[in-house]
Peer 1: 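Please see the structure below; I have some questions.
In the text below, chain A, chain B and the rest are named by the order of the sequence lines, each starting its count at 1.
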Protein chains: 2
Amino acid sequence: MALEHAILVSLLEKPGSGYELARRFERSIGYFWTATHQQIYRVLRRMESEGLLAVRELSQQSRPDKKVYSVVGPGRAALSQWLHESIQPESMRHELAVKIRGAAFDDPSVLIREVERHRQVHIDRLAHYLAGELRDFTGPAAPTPLDAGQELQHVVLRGGIAYERMTIAWLDDVLATLRRLGTSPPHV
Amino acid sequence: MALEHAILVSLLEKPGSGYELARRFERSIGYFWTATHQQIYRVLRRMESEGLLAVRELSQQSRPDKKVYSVVGPGRAALSQWLHESIQPESMRHELAVKIRGAAFDDPSVLIREVERHRQVHIDRLAHYLAGELRDFTGPAAPTPLDAGQELQHVVLRGGIAYERMTIAWLDDVLATLRRLGTSPPHV
DNA sequence: GCCCGCATGTAAGTGGTTACATGATTTG
DNA sequence: CAAATCATGTAACCACTTACATGCGGGC
């Protein structure tokens with residue numbers, strides 16, 4: 001049920017509609033938790049019916065109406081309770097690693113292009129994160145000093161940056177290994 | 001459907017029963033893909049009915065009978081086809097990061113113990129991975145030279161090691177940030 | 001005239017978790 | 001005598017994805 005809590009955090013940072021939340025889940029909070037609009041609309045309705053959120057229907061001209069959600073008392077309490085509970089450290093779900101091990105039973109070189117493609121995606125993400133860091137936290141336009149919320153957002157972003165750097169270095173290692181194996185005869 | 005492919009890889013590495021696969025998903029292949037026994041039994045039956053696997057029922061004395069599964073032609077073909085397809089680089093699912101951002105709306109210091117606990121789990125995992133690396137790949141008892149399958153298992157393990165090291169360093173950063181915020185007055 | 005962005009939703013299906021159930025053998 | 005290991009399974013539920021559906025307004 002972490003989607004529920006991710007929504008609470010996002011709406012506490014700033015109230016918004018389901019559509020806007022879906023946008024945020026494509027960047028910002030979405031860097032470490034994803035959700036599609038279908039799922040978001042469903043969970044928003046449930047949370048509103050449970051009294052965690054309040055809705056305000058907003059008529060707009062030259063745009064469809066929207067429902068702006070915001071967190072109310074019980075929602076804030078639910079988040080606070082969750083913060084006091086402990087979660088179990090998650091185990092990885094790394095599909096590419098499964099593929100790499102599977103390559104032992106086929107030609108390892110078929111994976112080279114795939115790994116190169118993934119590497120490029122991670123390079124792009126890293127550049128994106130670094131640009132965001134400069135814009136919001138370390139650049140001349142950033143507020144000084146940062147408040148607690150900004151410090152916490154920054155440390156999470158640093159985690160994303162460290163993850164992308166680590167992943168790129170590892171994919172280089174994978175590529176070197178695949179290329180090395182490609183020069184020797186097949187097997188199995 | 002990556003569980004299906006993880007099972008194919010694991011059974012190609014060595015045939016086994018549902019129970020044995022469940023054990024393997026607690027270590028080895030389970031380092032980057034998890035599954036419970038219920039799920040494994042369900043998928044094994046489906047894969048067998050689809051002709052990807054063959055079963056051999058094995059009577060054992062002083063132990064329950066077991067069904068040993070192995071990959072047959074169409075299963076190997078399915079794996080090969082999957083290796084040729086491209087998968088989209090997965091996005092993170094990092095519940096702890098959601099909590100950290102959520103801490104801005106509560107007392108950040110409540111998270112210190114939780115983060116310390118996670119840090120310890122990652123330290124233990126790292127030690128476990130390093131022991132496995134020494135045993136299977138870099139120690140004196142390791143085969144030399146390694147074959148392609150072992151090289152690929154090793155590069156995946158190196159990825160796990162890099163991930164744990166990066167995570168521990170990041171959690172240190174998180175702890176330093178939380179402790180720093182704890183010394184200043186609350187907010188929001 | 002077509003596609004994109006804004007905005008919300010239904011329906012069907014897959015993947016995955018949790019709880020419950022059974023029963024023999026081995027280990028402390 | 002209790003607990004853990006081996007071994008397989010059912011049932012109910014929850015989380016998540018994919019496909020489909022609608023409709024207005026603005027830009028190329």
Peer 1: What is the distance from NE2 of His5(B) to C1' of dT14(C), rounded to the nearest Å?
Peer 2: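 Between C1' of dT14(C) and NE2 of His5(B): 14 Å.
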Peer 1: State, to the nearest 10°, the angle formed by the axis through the first five base pairs of the helix from dG1(C)-dC28(D) to dG28(C)-dC1(D) and the axis through its last five.
Peer 2: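 Answer for the end axes of this duplex: 40°.
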Peer 1: Taking the six-membered ring of Tyr19(B), is NZ or CZ of Arg23(B) closer than 6.0 Å to its centre and within 45° of its axis?
Peer 2: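 Satisfied, under 6.0 Å and within 45°.
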Peer 1: Counting only pairs under 3.5 Å, give me each side-chain donor-acceptor contact of residues 94-103 of chain B, with atom names and distances, residues two or more places apart or in other chains.
Peer 2:
| residue | atom | partner | partner atom | Å |
| --- | --- | --- | --- | --- |
| Lys99(B) | NZ | Trp82(A) | O | 3.3 |
| Lys99(B) | NZ | Glu85(A) | O | 2.5 |
| Lys99(B) | NZ | Glu114(B) | OE2 | 3.2 |
| Arg101(B) | NE | Glu13(A) | OE2 | 3.2 |
| Arg101(B) | NH2 | Glu13(A) | OE1 | 2.8 |
| Arg101(B) | NH2 | Glu13(A) | OE2 | 3.4 |
| Arg101(B) | NH2 | Ser28(A) | OG | 3.2 |

Peer 1: In whole angstrom, what separates Ile40(B)'s CD1 from dT17(C)'s P?
Peer 2: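 Rounded to whole Å, this separation is 10 Å.
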Peer 1: Would you mind reading off the distance between Glu4(B) atom CD and dG16(C) atom C1', rounded to a whole angstrom?
Peer 2: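 To the nearest whole Å, that distance equals 15 Å.
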Peer 1: So, using salt bridge (Lys or Arg N to Asp or Glu O under 4.0 Å) as the criterion, who are the partners of Arg24(A) when residues are at least two apart?
Peer 2: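 Here no residue qualifies.
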Peer 1: What's the CG-P distance between Leu21(B) and dC6(D), to the nearest Å?
Peer 2: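 Rounding to the nearest Å, CG of Leu21(B) and P of dC6(D) are 14 Å apart.
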Peer 1: Between dA15(D) and Gln39(A), is there an OP1 or OP2 to side-chain N/O distance shorter than 4.0 Å?
Peer 2: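 Answer no for this pair, as no side-chain N or O of Gln39(A) is under 4.0 Å from OP1 or OP2.
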Peer 1: Could you tell me the separation between the CD atom of Glu26(B) and the P atom of dT17(C), rounded to a whole number of Å?
Peer 2: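 Rounded to whole Å, this separation is 13 Å.
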Peer 1: Calculate the interatomic distance between Leu44(A) atom CG and dA15(D) atom P; express it in whole Å.
Peer 2: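 Checked: the CG to P distance equals 15 Å.
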Peer 1: Quick one: list whatever passes side chain to side chain donor-acceptor pair (under 3.5 Å) with Gln153(B), sequence neighbours left out.
Peer 2: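 Listed in chain order: nothing, the list is empty.
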Peer 1: Got a sec, which residues hit ring-ring contact (aromatic ring centres under 6.0 Å, His included) with His122(A), two or more places apart in sequence or on another chain?
Peer 2: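 Applying ring-ring contact (aromatic ring centres under 6.0 Å, His included) to His122(A) gives none.
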Peer 1: Could you list the residues that satisfy ring-ring contact (aromatic ring centres under 6.0 Å, His included) with His37(A), not counting sequence neighbours?
Peer 2: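 Tyr41(A).
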Peer 1: When you check every protein heavy atom under 4.0 Å of nucleotides 3-13 of chain C, what one-letter string (B, S, -) results, 5' to 3'?
Peer 2: --SBBBBB---
Peer 1: Which residues end up grouped with Val68(A) if you chain together Ile, Leu, Val, Met, Phe, Trp and Tyr wherever their side-chain heavy atoms are less than 4.5 Å apart?
Peer 2: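 Result for Val68(A) is Leu58(A).
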Peer 1: Quick one: side chain to side chain donor-acceptor pair (under 3.5 Å) partners of Glu116(B), sequence neighbours excluded?
Peer 2: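 In terms of side chain to side chain donor-acceptor pair (under 3.5 Å), with neighbours along the sequence ignored, Glu116(B) is linked to Arg179(B).
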Peer 1: Kindly assign one of parallel, tilted or perpendicular to the pair Tyr31(A) and His128(A), based on the angle between their ring planes and the thresholds 30° and 60°.
Peer 2: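 Rings of Tyr31(A) and His128(A): perpendicular, as their planes differ by over 60°.
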Peer 1: Nearest whole angstrom, please: distance from the P of dG15(C) to the CZ of Arg93(B).
Peer 2: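 Going from Arg93(B) (CZ) to dG15(C) (P), I get 15 Å.
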Peer 1: To the nearest Å, how far apart are Leu3(B) CG and dC16(D) C1'?
Peer 2: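 About 16 Å, once rounded to whole Å.
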